J.: 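Below is a structure I'd like to ask you about.
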Protein chains: 2
Amino acid sequence: MPPRKDKPVNGKRLPSIQDVAIAADVSTATVSRVLNNPNLVSPETAEKVRKAVVQLGYKPNLFAQGLMTRKSRVLGIALPDIHGEFYSELLRGADAEARRRGYHILVGTEARKAEAQPLTPHNLPPGALAPGSPELPERSNLAFGLVDGLAIMITEPNELLWREARELALPVVVLDVEIAEPGVDCIMVDNGPGTKEATEHLLAALPGDKLYFVGGPRENFDTQRRGETFVETLRDAGIRARKDQLAFGRYSVEWGYLWAGTLLKANALRGIGVLAGNDEIALGVLQAAQDARIKVPEELRIVGYDDTRLASLVRPSLSSVRVPMAEVGAAAISTLIDRIAEPERPATIVRLPTKLVVRESSDKNAASGGF
Amino acid sequence: MPPRKDKPVNGKRLPSIQDVAIAADVSTATVSRVLNNPNLVSPETAEKVRKAVVQLGYKPNLFAQGLMTRKSRVLGIALPDIHGEFYSELLRGADAEARRRGYHILVGTEARKAEAQPLTPHNLPPGALAPGSPELPERSNLAFGLVDGLAIMITEPNELLWREARELALPVVVLDVEIAEPGVDCIMVDNGPGTKEATEHLLAALPGDKLYFVGGPRENFDTQRRGETFVETLRDAGIRARKDQLAFGRYSVEWGYLWAGTLLKANALRGIGVLAGNDEIALGVLQAAQDARIKVPEELRIVGYDDTRLASLVRPSLSSVRVPMAEVGAAAISTLIDRIAEPERPATIVRLPTKLVVRESSDKNAASGGF
DNA sequence: TGGCGAGTTGTAAACGCTTACACTTGAGGG
DNA sequence: CCCTCAAGTGTAAGCGTTTACAACTCGCCA
């Protein structure tokens, strides 16, 4: 005999489906049907109900709805804890798509492994809780149980996250890494087209043996693919790339500068073309060239990668291969929603193409990039 | 007589509080108490229950919980539909703080007013629904009813969002704009300190009448404050700023370039100091100077604003006033959570200070900005 | 000895929805 | 004229929690 808790959110109670039913003089079932399955209801009744709904400003209680349907129309996104444009572009795309399809997005930057993150029974192996231990079930750090699906955008697979998601049989899509698991879709960036295009673009002005690929870390998957395609494209043009035409380092301005420095010492920075692993590396090369009074693009052609804002703002503006991060986000959400609707379908792999954007650093006649 | 829907999420039913109660041989009430209010339960019983919880891997159902408590520990963030670093930095800070306090973040980029966004009764004036109209209550675009509070990060106040939030008596904090409303907290960036510091920094090397402020749009609140502080600081140094020492335009590279061009024509770009309204403007000025072979910082000192990534990557690296976006996000969330806990407390206004970061564009001896 | 309060636990009523099933009509077919 | 069937509607049982109240056990004091 709990008291009727007229516990208004704040003064006044929100209208419930009951209120609508009374106002429209029908049963709650009918109201629900009008809202979820109108074709089960006669047009006149539906109209009556709709009027009541609007008049009362009724909005279904999402908790109650979720309790019944076990759906929230909320999707989780596990993001790496990094800064930068990628992060936000990706999210932009994801959110736009989610909105378009009537979903919402819950973000969860990945907790630093070592850091705080109090242990809860959810991330402890069963039985690991010390007797008398004070910590007890709170919500897991990604609000599992609230989300209908999860997009994992973390590069290094997070065991914890992963296991928990599988346990809950939560629909999952992963980004930027191929996982060979039955029900798991992957969204990938296809470095091929852009890299090929960029290489050919450079080939149009320079002989193949004068082209260099300056990548990020050798272990990096994207850098690998880009390097490979670079080599392939040269081969297709009849040039066998020398070993020194490929370099690996880090994704930083310094590395680009450093690399250019070594060529400079050998007096070999002039008359070549550089495809960088990302825009920062390209910028490093550009700065080295400027310091050495080497003219870009006349004496040195540079193409970056990722097409960050940087590329169009720097001067000379940087040609760059555009990576469609927003599209990646959108595709992730789209795929995730599709899987929710159809859990058993075979895993798909989406590959989004990259594309060269030509600017001044590789083509004197290119627009300044519209700074 | 609905059938017992053993509707497992996917094969097997998740353990409910019932299951735990049975396993621990207590009532569901006791289990609930152990989880939410342990000091109401004897230590032995609590221990028994905890063991069962861990063993079964029980996790409270968030929908049921929300239905009862009317709390979700989810906060909404309404973001402007823009790209860029601010967006992501802000979100980073917000998410970190939310996580720290056991909350989650639901993002909602603002829908473009004109665009799609199907009309639902929630954003229609009552009665506006045409008879027979097909659209009916879906969830509002920010999952009102699911979130415990809302941080509005949109610059131009969105009537709709606002009204809806007020109607629901949803705790709200707004960013970057002061709202004089009883229960509404504001988080602001205090442009004062950084601007003053930057101006004084320039004053240390140049006479006050050689300093210029090149702002963004005249209407922009931040630009206004920055301009004012610039003038004040000059006055404090005994200089009355001439009208032409302040300029307003847009937040773009072009505008900076343009502005510098006019001074260049008057042969007046040498020997001055420029405080720009943001980094892009500063970059425009810098590029103009470089085109004119004017040495920075020797002949022209430039300070940007916002301290974006750009500032440290460009060469010479750009001195800039750092705006603590992550902190803004964190403060917003923190304040919001505080208000949820204490809805009646008076509105607070948080002001986060800005700070000058000196680099090469204004000081030859500054570090390169650690590119 | 009776009564009272504190500490612990159980009982069961909501919370606001969805939906299986039962029921009522009226049309159409044999 | 009875039976069947479809369409439209209502009834009420949950969904998995929280929590007011009742109930019981002690220990303690008058």
Side-chain angles (χ1 to χ4, degrees), chain A residues 1-9 13-49 53 56 58-73 136-139 145-146, chain B residues 1-9 13-49 53 56 58-73 136-139 145-146:
Chain A
M1 54 209 69
R4 162 106 182 129
K5 253 189 323 202
D6 255 347
K7 186 208 274 181
V9 167
R13 215 170 55 84
L14 293 167
S16 79
I17 200 172
Q18 264 279 14
D19 302 319
V20 178
I22 293 172
D25 195 30
V26 296
S27 73
T28 61
T30 299
V31 177
S32 176
R33 283 191 278 253
V34 171
L35 265 31
N36 303 315
N37 222 333
N39 49 335
L40 290 182
V41 178
S42 78
E44 305 79 44
T45 311
E47 188 48 36
K48 229 177 16 173
V49 170
V53 164
L56 273 63
Y58 166 72
K59 297 171 70 168
N61 178 308
L62 299 184
F63 295 116
Q65 223 164 25
L67 187 53
M68 281 306 291
T69 62
R70 279 150 195 304
K71 294 262 163 269
S72 63
R73 296 188 83 82
L136 254 200
E138 311 167 21
R139 45 257 315 156
L146 179 55
Chain B
M1 51 212 70
R4 162 108 180 127
K5 255 186 320 197
D6 255 347
K7 187 208 272 180
V9 168
R13 214 171 56 85
L14 291 167
S16 78
I17 201 172
Q18 265 278 15
D19 302 319
V20 177
I22 292 171
D25 195 30
V26 296
S27 73
T28 60
T30 299
V31 176
S32 176
R33 283 192 278 254
V34 169
L35 265 31
N36 302 316
N37 223 334
N39 49 336
L40 289 182
V41 178
S42 80
E44 304 79 44
T45 311
E47 189 48 36
K48 235 181 5 180
V49 170
V53 164
L56 273 63
Y58 165 71
K59 294 172 71 168
N61 178 305
L62 299 183
F63 295 117
Q65 223 163 27
L67 186 52
M68 281 307 291
T69 63
R70 288 159 187 296
K71 293 263 163 267
S72 63
R73 295 187 82 81
L136 253 201
E138 308 169 22
R139 45 254 319 148
L146 179 56

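Basis for what follows: all heavy atoms, side chains included, without hydrogens, waters or symmetry-related copies. Residue numbers begin at 1 in each chain, while the letters A, B, ... track the order of the sequences. Keep in mind the model is a prediction, meaning the values are calculated, not measured.
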J.: Output all residues satisfying side-chain hydrogen bond (donor to acceptor under 3.5 Å, both in side chains) with Thr28(B), sequence neighbours left out; order by chain, then residue number.
T.: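 So Thr28(B) forms no side-chain hydrogen bond (donor to acceptor under 3.5 Å, both in side chains) with any residue.
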J.: Which whole-number value in Å describes the distance from Leu40(B) CG to dA6(C) C1'?
T.: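 Checked: the CG to C1' distance equals 13 Å.
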J.: Roughly, in whole Å, what's the span from NZ in Lys71(A) to P in dG16(C)?
T.: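 From Lys71(A) NZ to dG16(C) P: 24 Å.
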J.: In chain order, what residues pass the side-chain hydrogen bond (donor to acceptor under 3.5 Å, both in side chains) check against Ser42(B), with sequence neighbours excluded?
T.: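 With neighbours one apart ignored, the set is Glu44(B), Thr45(B).
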J.: Identify which nucleotide among dT11(C), dT17(D), dA20(C) has an atom closest to any side-chain atom of Arg33(A), counting heavy atoms from C-beta outward.
T.: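 The nucleotide sitting nearest to the side chain is dA20(C).
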J.: Nearest heavy atom decides the nucleotide; on that basis, is Ala64(A) or Thr28(B) closer to the 5' end of DNA chain C?
T.: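 Per heavy-atom nearest nucleotide, the more 5' residue is Thr28(B).
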J.: If you take any heavy atom closer than 4.0 Å to DNA chain D, which residues from residues 17-24 of chain A end up in contact?
T.: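 When residues 17-24 of chain A is checked for heavy atoms under 4.0 Å from DNA chain D, there are no hits whatsoever.
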J.: If only side-chain N and O atoms of Ser32(B) are considered, is one of them under 4.0 Å from the OP1 or OP2 phosphate oxygen of dT18(D)?
T.: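 It does, given that an N or O in the side chain of Ser32(B) lies less than 4.0 Å from OP1 or OP2 of dT18(D).
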J.: With a 4.0 Å limit, can you tell me whether Ser27(A) has a side-chain N or O closer than that to the phosphate oxygens OP1/OP2 of dG10(D)?
T.: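 It does, given that an N or O in the side chain of Ser27(A) lies less than 4.0 Å from OP1 or OP2 of dG10(D).
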J.: Look up atom CG in Leu67(B) and atom CG in Leu62(B), then write down how far apart they are to the nearest 0.5 Å.
T.: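 Here the rounded value is 12.5 Å.
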J.: Between Gln65(B) and dT18(D), is there a contact of a side-chain N or O with OP1 or OP2 at under 4.0 Å?
T.: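 Answer is yes, contact under 4.0 Å.
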J.: State whether Thr30(A) places a side-chain N or O below 4.0 Å from either non-bridging phosphate oxygen (OP1 or OP2) of dG10(D).
T.: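 For dG10(D), OP1/OP2 do have a side-chain N/O of Thr30(A) under 4.0 Å.
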J.: Does Arg13(B) make a side-chain donor-acceptor contact with the base of dG16(D), cut-off 3.5 Å?
T.: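 No, no donor-acceptor pair under 3.5 Å.
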J.: Rounding to an integer number of Å, can you tell me how far Leu14(B) CG sits from dT17(D) C1'?
T.: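 Between C1' of dT17(D) and CG of Leu14(B): 15 Å.
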J.: If I take atom CG in residue Leu56(B) and atom C1' in nucleotide dG16(D), what distance separates them, rounded to the nearest angstrom?
T.: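 Nearest whole value for this atom pair: 15 Å.
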J.: If you compare every side-chain N and O of Asn36(A) against the phosphate oxygens of dT18(C) (OP1, OP2), does one of them come in below 4.0 Å?
T.: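 Looking at the OP1 and OP2 atoms of dT18(C), one of them is under 4.0 Å from a side-chain N or O of Asn36(A).
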J.: Output the single nucleotide from dG16(C), dT9(C), dC15(C) whose closest atom is nearest the side chain of Met68(A).
T.: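 So the nucleotide nearest the side chain must be dG16(C).
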J.: Can a side chain N or O of Arg70(B) be found less than 4.0 Å away from OP1 or OP2 on dG16(C)?
T.: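 Checking dG16(C) against Arg70(B), a side-chain N or O does come within under 4.0 Å of OP1 or OP2.
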J.: State the CD-CZ distance between Gln65(A) and Phe63(B), to the nearest 0.5 angstrom.
T.: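 That separation rounds to 10.0 Å.
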J.: So, OP1 or OP2 of dT9(D): does either fall under 4.0 Å of a side-chain N or O from Thr45(A)?
T.: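 So the side chain of Thr45(A) is within the cut-off, an N or O lying under 4.0 Å from OP1 or OP2 of dT9(D).
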J.: Quickly work out the Glu44(B) CD to dT8(C) P distance and round it to whole Å.
T.: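 Checked: the CD to P distance equals 8 Å.
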J.: Please report the distance, rounded to the nearest Å, between CG in Asn37(B) and C1' in dT17(D).
T.: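 Asn37(B) atom CG is separated from dT17(D) atom C1' by 15 Å.
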J.: Rounded to the nearest 0.5 Å, how far apart are OG1 of Thr30(B) and CG of Leu35(B)?
T.: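 Rounded to the nearest 0.5 Å, the OG1-CG separation comes out at 11.5 Å.
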J.: Among all residues two or more places apart in sequence or in another chain, which pass the side-chain hydrogen bond (donor to acceptor under 3.5 Å, both in side chains) test with Asp25(A)?
T.: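 Asp25(A) satisfies side-chain hydrogen bond (donor to acceptor under 3.5 Å, both in side chains) with no residue once adjacent residues are dropped.
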J.: Does Asn37(A) have any side chain to side chain contact (heavy atoms under 4.5 Å, CB included) partners at least two apart in sequence or in another chain, and if so, which?
T.: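 Scan of Asn37(A) (side chain to side chain contact (heavy atoms under 4.5 Å, CB included), adjacent residues dropped) gives Asn39(A), Leu40(A).
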J.: When the distance from NZ of Lys48(B) to C1' of dT9(C) is rounded to whole Å, what number comes out?
T.: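 It works out to 10 Å between those atoms.
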J.: Just N and O in the side chain of Ser42(B): are any of them under 4.0 Å from OP1 or OP2 of dT9(C)?
T.: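 Indeed, a polar side-chain atom of Ser42(B) lies that close.
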J.: Show me the side-chain donor-acceptor pairs of residues 15-24 of chain A shorter than 3.5 Å, one per line, residues at least two apart or across chains.
T.:
| from | atom 1 | to | atom 2 | distance (Å) |
| --- | --- | --- | --- | --- |
| Ser16(A) | OG | Gln18(A) | N | 3.1 |
| Asp19(A) | OD1 | Arg13(A) | NH2 | 3.4 |
| Asp19(A) | OD2 | Arg13(A) | NH2 | 3.2 |
| Asp19(A) | OD2 | Ser16(A) | N | 2.7 |

J.: What nucleotide, of dG10(D), dT9(C), dC17(C), holds the atom closest to the side chain of Val26(A)?
T.: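 Taking heavy atoms from C-beta onward, the closest nucleotide is dG10(D).
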J.: In whole Å, I'd like the distance from the CG atom of Asp25(A) to the C1' atom of dG10(D).
T.: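 Rounded to whole Å, this separation is 12 Å.
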